[in-house]
Every structure is written in structure tokens, then in C-alpha cells.
Visitor: 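Just dropping this structure here.
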Amino acid sequence: MSTLRLPYYTLSPDAYQGFAATKKALEKSSLGKPLVELVYLRVSQINGCAFCLEMHAKALRAGGTADFKIDSLAGWRVSSHYSARERAALAWTESLVAIDRTHAPDEDFAPLREHFTEAEIADLSFAVALMSAFNRLAIGMRQ
């Protein structure tokens, strides 16, 4: 493991607290903690953040998510362990993480409307953005 390059959370406490406040708000979302944690884990898988992978897998296990569901997340498209609602969320998650390639197409957005309210779609998008930011900080600063 590398040495922490900079303690970004103490060097920019106001900015970090803004992220923490967003995380707290998402914990109250009607999306539910298991789905939010699943999204956080998938974002962290894509971005390759070892610190966040461990944290979110642990949180899912502590919340009662079955190991087989956590273990098969990277292959969710071919797994039978995910509901249509989760699939819509995961497709949108991948689309937003790879925004430079996908440009968030309608075919990824449209299924969201079948399973989520507009507020939940906003919360889901915030969850993806937040975890992407946390991943970049943790990876960049070698947390």
C-alpha cells in the first residue's frame, strides 16, 4: 500500500464536509441504503479504488446483502441475482462513470423512469457523481 500523498480531508475540510453532507443526504434517500451501496461498489469497481471496494463490500455484507450478489456485481448484466430496478440503476451508473464515451444515452436513461421517481433518479445520479469523486480523491492521494 502506498503512503498517503496528502491528507485532503483535513487540508480542505469545508469541501470534504460538503461531500460528507451529500453522503448523509443520500443515506435518507428513498432509493434505500442497499441500492446506494451497490451503486457505490460498482462505481468503485469501475474506477479501481481498492479502499472504496473494501468499504462498500463490507457495508453491503453488514446490511445483509448476500455474498453471491456482491461477488457477481461486476457481471451483473449476465447474472440472475439483480432485479429490473437494480439493473436500471447499474446501467445508469456505468453510463455516468464512462460519460466521456457514453454521453448518457436515452437507452440508459429511459429504463430509470419505469422504476424510479424523478427525485430518485436525481439521487441516483448524485450517488454516482459522489462516489466517482471520492474514488478520484482516494486513488489520487493514495488512500
Visitor: Looking at Lys28 and Asp123, does any basic side-chain N land under 4.0 Å from a carboxylate oxygen?
Guide: no

Visitor: I'd like to know if Leu130 and Ile121 are part of one continuous hydrophobic network [Ile/Leu/Val/Met/Phe/Trp/Tyr, side-chain heavy atoms within less than 4.5 Å].
Guide: yes

Visitor: Donor-acceptor pair, distance only, cut-off 3.5 Å: does the side chain of Ser132 make one with the backbone of Val128?
Guide: yes

Visitor: Please find the pair of heavy atoms, one from Leu137 and one from Phe19, that lie closest to each other, and give the distance.
Guide: CD1-CE2, 3.7 Å

Visitor: With rounding to the nearest 0.5 angstrom, report the CG to NZ distance, Leu60 to Lys69.
Guide: 9.5 Å

Visitor: Hey, does the side chain of Ser79 reach the backbone of Gly75 with a donor-acceptor pair shorter than 3.5 angstrom?
Guide: no

Visitor: How far apart are the closest heavy atoms of His81 and Ser72, and which atoms are they?
Guide: CD2-OG, 3.5 Å

Visitor: Indicate, with yes or no, if Phe68 and Trp76 share a hydrophobic cluster defined by side-chain heavy-atom contacts under 4.5 Å among Ile, Leu, Val, Met, Phe, Trp and Tyr.
Guide: no

Visitor: Any side-chain donor-acceptor pair under 3.5 Å between Tyr16 and Thr10?
Guide: no

Visitor: Could you state the interatomic distance from CG (Leu38) to OG1 (Thr93), rounded to the nearest 0.5 Å?
Guide: 8.0 Å

Visitor: Under a 4.0 Å threshold between the charged nitrogen and the carboxylate oxygen, would Glu120 count as salt-bridged to Arg85?
Guide: yes

Visitor: Under 3.5 Å, side chain of Arg61 to main-chain N/O of Asp67, donor-acceptor pair present?
Guide: no

Visitor: When rounded to the nearest 0.5 angstrom, what distance separates CD1 in Ile70 from OG1 in Thr65?
Guide: 5.0 Å

Visitor: Indicate if Val43 and Phe126 have the same hydrophobic cluster label, given that clusters are the connected sets of ILVMFWY residues with side-chain heavy-atom separations under 4.5 angstrom.
Guide: yes

Visitor: Tell me, please, which residues at least two apart from Ser44 pass side-chain hydrogen bond (donor to acceptor under 3.5 Å, both in side chains).
Guide: Asn135

Visitor: Side-chain heavy atoms nearer than 4.5 Å, only ILVMFWY residues, links allowed to pass through others: does that put Leu35 and Met55 together?
Guide: no

Visitor: Would you call Met131 and Val39 a side-chain contact if the rule is heavy atoms closer than 4.5 Å?
Guide: no

Visitor: CG of Leu96 to OG1 of Thr102: how many Å apart, nearest 0.5 Å?
Guide: 7.0 Å

Visitor: Have a look at Leu6 and tell me which of Gln143, Met141, Arg142 forms a side-chain contact (heavy atoms from CB on, under 4.5 Å) with it.
Guide: Met141

Visitor: Would you give the length of the straight line joining atom OH of Tyr40 to atom SG of Cys52, rounded to the nearest 0.5 angstrom?
Guide: 10.5 Å

Visitor: Can you name the side-chain hydrogen bond (donor to acceptor under 3.5 Å, both in side chains) partners of Lys23, sequence neighbours left out?
Guide: Glu27

Visitor: Taking all non-hydrogen atoms of both residues, which atom of Leu73 and which atom of Arg42 are closest, and how far apart?
Guide: CD2-N, 3.7 Å

Visitor: Is any side-chain heavy atom of Phe116 less than 4.5 Å from a side-chain heavy atom of Leu31?
Guide: yes

Visitor: Once rounded to the nearest 0.5 Å, what's the spacing between atom CD of Gln17 and atom OG of Ser12?
Guide: 11.5 Å

Visitor: Which atom names give the shortest non-hydrogen contact between Ile46 and Val97, and what distance separates them?
Guide: CG2-CG1, 3.4 Å

Visitor: For a quick test of reading the model, state the closest non-hydrogen atom pair linking Ser95 to Pro105 and the distance between them.
Guide: OG-CD, 3.3 Å

Visitor: Check whether any side-chain heavy atom of Leu26 lies under 4.5 Å from a side-chain heavy atom of Thr22, and answer yes or no.
Guide: yes

Visitor: Return yes when atom CD of Glu118 has more than 12 non-hydrogen atoms of other residues, nucleotides or ligands closer than 6.0 Å, and no otherwise.
Guide: no

Visitor: Answer yes or no: is there an ion pair linking Glu94 with Arg101, defined by an N-O contact shorter than 4.0 Å?
Guide: no

Visitor: Looking at every non-hydrogen atom in both residues, tell me the closest pair between Ala57 and Leu41 and how far apart they are.
Guide: N-CD1, 4.0 Å

